[in-house]
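Remember, predicted model here, so these are calculated numbers, not experimental data.
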Amino acid sequence: MNKHLIANAPENNTDACMVKRPVWQRDNLQQAQEDWLAEEVPVALVYNGISHVVMMATPKDLAAFAIGFSLSEGIIDAADEIYDIQPQPVCNGIEVHIELSSRRFMQLKERRRSMTGRTGCGVCGVEQLQEVTRPLAPLPFSQRFDLTQLDAGLAQLKSYQSVGQLTGCTHAAAWLQPDGKLSGGCEDVGRHVALDKLLGYRSQQGWQAGAVLVSSRASYEMVQKTAACGIEILFAVSAATSLAVDVAERCNLTLVGFSKPGRATVYTHPQRLWRSGGA
């Protein structure tokens, strides 16, 4: 794949991802003021000329999104199975044209499905309920994380939400190193899309040691995407659903919710976690 498809860091085109609109405040309904809103546009992923899915997303880091979605949905096993990525504006949104290897494209055509509008729903367009939680290979137990380092990562998370800091409207997903530093992060109006962007970016950087940190709740789909990319630990700022816990338990993923300063609720496989100093 063309190494220039993803820059060395997530895009910083904040202004291109926001629009100004008039708003009225509770204490002054007579006078409008301008405020920033995050852009949410339809983004179609088009594989070898065939549209596969339309997602509502923030229009940045689209190459990373295309790679991450392809990895987390099992369309490819490695980023080098994508030969080219070309985002193209269309009348109502953006088409991201992805050139797959012939073998992967043939496999995709065999199980092609429509999943329009998965910003908040993981079942939309899935033709059979059995496809909701696809089988995942059990993860190894090769990672460890010191929970005393979690607070440092949480403190950095907002720095990867340049649009969110002005609009209050985006989720973030970041790669949390064992020392508590964040290697990088991505944002989007959709939590699934933010995670896909991070997974695509990570595939280009080769990060192995560490965990995923997301600013949202942990739904089953967030767990599934994380595990599908071989990541063993997922920290979520909010709660986990029961199905997310079930999926994490089955695939050996360590799932942690309510990740806040001084707090963490471990739902599955706590053996990967420890606390230095016995704190």
Side-chain angles (χ1 to χ4, degrees), residues 5-23 34-46 51-73 82 85-98 115-122 124-125 156-175 182-205 212-219 221-222 225-226 229 236-238:
L5 290 174
I6 295 186
N8 291 328
E11 301 163 19
N12 193 30
N13 53 342
T14 302
D15 290 348
C17 298
M18 300 187 298
V19 294
K20 278 190 172 181
R21 293 286 188 270
V23 298
E34 285 195 330
D35 197 6
W36 287 107
L37 302 181
E39 285 262 42
E40 182 178 27
V41 302
V43 176
L45 299 185
V46 181
S51 182
H52 177 67
V53 62
V54 178
M55 306 284 281
M56 301 306 296
T58 303
K60 71 172 185 174
D61 302 318
L62 295 182
F65 172 43
I67 296 171
F69 180 89
S70 301
L71 287 166
S72 69
E73 292 293 325
I82 293 178
I85 300 174
Q86 294 293 335
Q88 297 180 4
V90 293
C91 56
N92 294 317
I94 300 171
E95 289 183 347
V96 182
H97 290 265
I98 305 158
M115 297 175 290
T116 302
R118 286 174 62 185
T119 296
C121 175
C124 298
Q156 302 166 59
L157 192 57
K158 285 188 177 180
S159 67
Y160 293 97
Q161 292 175 274
S162 56
V163 174
Q165 288 184 50
L166 290 173
T167 67
C169 196
T170 65
H171 290 292
W175 185 255
L182 298 185
S183 299
C186 299
E187 67 177 328
D188 199 90
V189 291
R191 65 183 188 277
H192 306 124
V193 180
L195 177 57
D196 277 332
K197 288 178 177 180
L198 174 71
L199 296 174
Y201 183 47
R202 171 182 175 264
S203 75
Q204 301 296 283
Q205 303 303 312
V212 167
L213 172 62
V214 297
S215 65
S216 64
R217 66 185 175 92
S219 62
E221 196 173 32
M222 303 290 277
K225 285 176 177 291
T226 302
C229 291
V237 168
S238 191

Donor-acceptor contact below 3.5 Å, side chain K225 vs main chain G68: no
For S159, side chain to side chain donor-acceptor pair (under 3.5 Å) partners two or more places apart: none
CG-CZ distance between L195 and R191, expressed to the nearest 0.5 angstrom: 10.5 Å
Distance (rounded to the nearest 0.5 Å) between S216 OG and H192 NE2: 7.5 Å
Stepwise side-chain contact (heavy atoms from CB on, under 4.5 Å) check, F65 with M55: CA-CA 11 Å; F65 172 43; M55 306 284 281; 3.8 Å; yes
Any side-chain heavy-atom pair of W175 and L182 under 4.5 Å: no
Any S183 side-chain heavy atom under 4.5 Å of Q205 side chain: no
Euclidean distance, L199 CG relative to S70 OG, rounded to 0.5 Å: 11.0 Å
Any donor-acceptor pair under 3.5 Å from Q165 side chain to K158 backbone: yes
Nearest heavy-atom neighbours spanning T226 and M222: OG1-O, 2.8 Å
Over all atoms of both residues, closest heavy-atom pair of A38 and T170: CB-CG2, 4.4 Å
NZ on K60 to NZ on K197, rounded to 0.5 Å: 7.0 Å
Residues V189, M56; criterion side-chain contact (heavy atoms from CB on, under 4.5 Å); working and verdict: CA-CA 8 Å; V189 291; M56 301 306 296; 5.6 Å; no
L45 vs F69, side-chain contact (heavy atoms from CB on, under 4.5 Å): CA-CA, chis, key distance, verdict: CA-CA 9 Å; L45 299 185; F69 180 89; 3.5 Å; yes
E95 side, atom CD; Q88 side, atom CD - distance, nearest 0.5 Å: 7.0 Å
Minimal non-hydrogen separation, G184 against Y201, with atom names: CA-CE2, 4.3 Å
Donor-acceptor contact below 3.5 Å, side chain S215 vs main chain A172: yes
Heavy-atom closest pair, residues S72 and D196: OG-OD1, 2.6 Å
Residue pair A63 / I85: nearest heavy atoms and the distance that separates them: O-CD1, 3.8 Å
Spatial distance of atom OG1 (T167) from atom CE (M18) [nearest 0.5 Å]: 7.0 Å
Atom of L198, atom of G185 and distance for their closest heavy-atom approach: CD1-CA, 4.3 Å
Heavy-atom donor-acceptor pair, D188 side chain to T58 backbone, under 3.5 Å: yes
Flag, side chain of E187 to backbone of V163, donor-acceptor distance under 3.5 Å: yes
Chi angles and distances behind the side-chain contact (heavy atoms from CB on, under 4.5 Å) call for V90, N92: CA-CA 6 Å; V90 293; N92 294 317; 5.7 Å; no
